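Remarks on the structure that follows.
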Amino acid sequence: MARRRRIYEGKAKVLYEGPEPGTVVQYFKDDATAFNNQKKGVITGKGMLNNRISEYLMQKLEGIGIPTHFVRRLNMREQLVREVEIIPIEVVVRNIAAGSISQRLGIEEGTPLPRSIVEFYFKNDELGDPMVSEEHITAFGWASPQDIDDMMAMALRINDFLVGLLLGVGIRLVDFKIEYGRWWDENDQMRIILADEITPDSCRLWDSQTNDKLDKDRFRRDMGGVEEAYQEVARRLGILPEGGPQDVKGPVSIN
Ligand code: TMP
């Protein structure tokens, strides 16, 4: 096969030119980073699991009318997605205090928030993704007030839906980060659609009984059991790779 053109390489994914115009191949790596690249490592089997998990969640979201970039999965590590212009804003939704909000505002981790809170961060590695307000976003032209309304409304719908879906498999959705892209439809109408990924890299997921962490915090905080945590999320969602956990190169114990 002819070598595909690589469009972009990020910390956890590589984007290649897609087979049809307007498409991109999203390849999920096992590489993991934290604290803006200061901590680096490999989580064996993560790429394959995240590919499946993001596919599954995006398809479910399409099912409730959230437009996403997901087209179809190509193989164990790759999915075909629509080519979009990424809006340089990371949208974080929080249900329970953890991570940066706990640190910044001195709220003990695990404290339920009075309501779901939406935050915006400017996507810029050099600056360490600083938190920004709607004022910054509109003043600097990263997105319009209408775009912000759309992103916010979608983020809250995504949150409501995922909270329920995950609770059904014994997982509390503590918080998550999403990214959106601009996509032009057949009539050249611009639409904002969900892009990037939704995986244990981009969410905090706690076991609803024990509060055990089933996400990238296990890597960030050197807790061990990282591969097992990602596998457990996939197992609970009923989407472990076809051959079962043996397909995942790494520990096979999932209990
Ligand atoms: P935070 O508490 O560190 O601000 O993270 C909030 C959520 O966003 C958490 O689920 C992890 C996710 N996240 C990313 O996906 N990428 C990032 O670069 C950061 C800082 C957080």
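These numbers come from a predicted model, not from an experiment. First listed ligand is number 1; within each ligand, the first listed atom is number 1.
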Should you measure from each heavy atom of Phe176, which atoms of ligand 1 turn up under 4.0 Å away?
-> 10 (O)

Atom 18 (O) of ligand 1 sits nearest the protein heavy atom Asp129 OD2, 3.8 Å

Decide, yes or no, whether a salt bridge links Arg73 with Glu55 under the criterion of side-chain N to carboxylate O below 4.0 Å.
-> yes

Sequence neighbours excluded, the answer for side chain to side chain contact (heavy atoms under 4.5 Å, CB included) partners of Glu83 is Val24

Lys/Arg-Asp/Glu bridge criterion (N-O < 4.0 Å) met for Arg72, Glu20 = yes

SB check Asp201 Lys46 (cutoff 4.0 Å) | yes

For Phe161, is the NZ or CZ atom of Lys60 found under 6.0 angstrom from the centre of its six-membered ring and inside 45 degrees of the ring axis?
-> no

Ligand 1 to Arg220 polar contact by distance, N or O atoms, under 3.5 Å | no

Would you say atom 11 (C) of ligand 1 has a protein heavy atom nearer than 4.0 Å?
-> yes

Sequence neighbours left out, what passes side chain to side chain contact (heavy atoms under 4.5 Å, CB included) with Asp217? Give chain and number order.
-> Arg204, Lys213, Asp215, Arg220, Arg221

Between Arg191 and Asp150, is the closest basic N to carboxylate O distance under 4.0 Å?
-> no

Asn36, portion touching ligand 1 at heavy-atom distance under 4.0 Å = neither

Ligand 1-proximal atoms of Arg94, by part, heavy-atom distance under 4.0 Å = side chain

Should the proximity of Arg104 to ligand 1, defined as any heavy atom under 4.0 Å, be assigned to the side chain, the backbone, both, or neither?
-> neither

With no hydrogens and no angle check, is any side-chain donor or acceptor of Asn95 less than 3.5 Å from a backbone partner on Asp175?
-> no

Arg204, Lys177, Glu90, Lys216: member with heavy atom nearest to atom 5 (O) of ligand 1 | Arg204

4.0 Å protein heavy-atom contact status of atom 20 (C) of ligand 1, strictly under | no

For Ala98, the ligand 1 atoms with a heavy-atom partner under 4.0 Å come out as 2 (O)

Going by the 4.0 angstrom heavy-atom rule, the piece of Ser100 near ligand 1 is both

Under 4.0 Å from a heavy atom of Cys203: give me the atoms of ligand 1 that qualify, with their elements.
-> 10 (O)

Considering only the protein, which heavy-atom contact is closest to atom 7 (C) of ligand 1, and what is its distance?
-> Asp175 OD1, 3.6 Å

Number the atoms of ligand 1 from 1 as they appear, then name those within less than 4.0 Å of a heavy atom of Ser202, with their elements.
-> 10 (O), 12 (C), 15 (O)

Ring-face cation contact, Tyr16 with Arg6, 6.0 Å cut, 45° max | no

Is Asp30 salt-bridged to Arg77, cutoff N-O under 4.0 Å?
-> yes

Below 4.0 angstrom from a heavy atom of Gly99, which ligand 1 atoms are there? Numbered from 1 as shown, please.
-> 2 (O)

Going by the order shown, which atoms of ligand 1 are within less than 4.0 Å of some heavy atom of Asp201?
-> 15 (O)

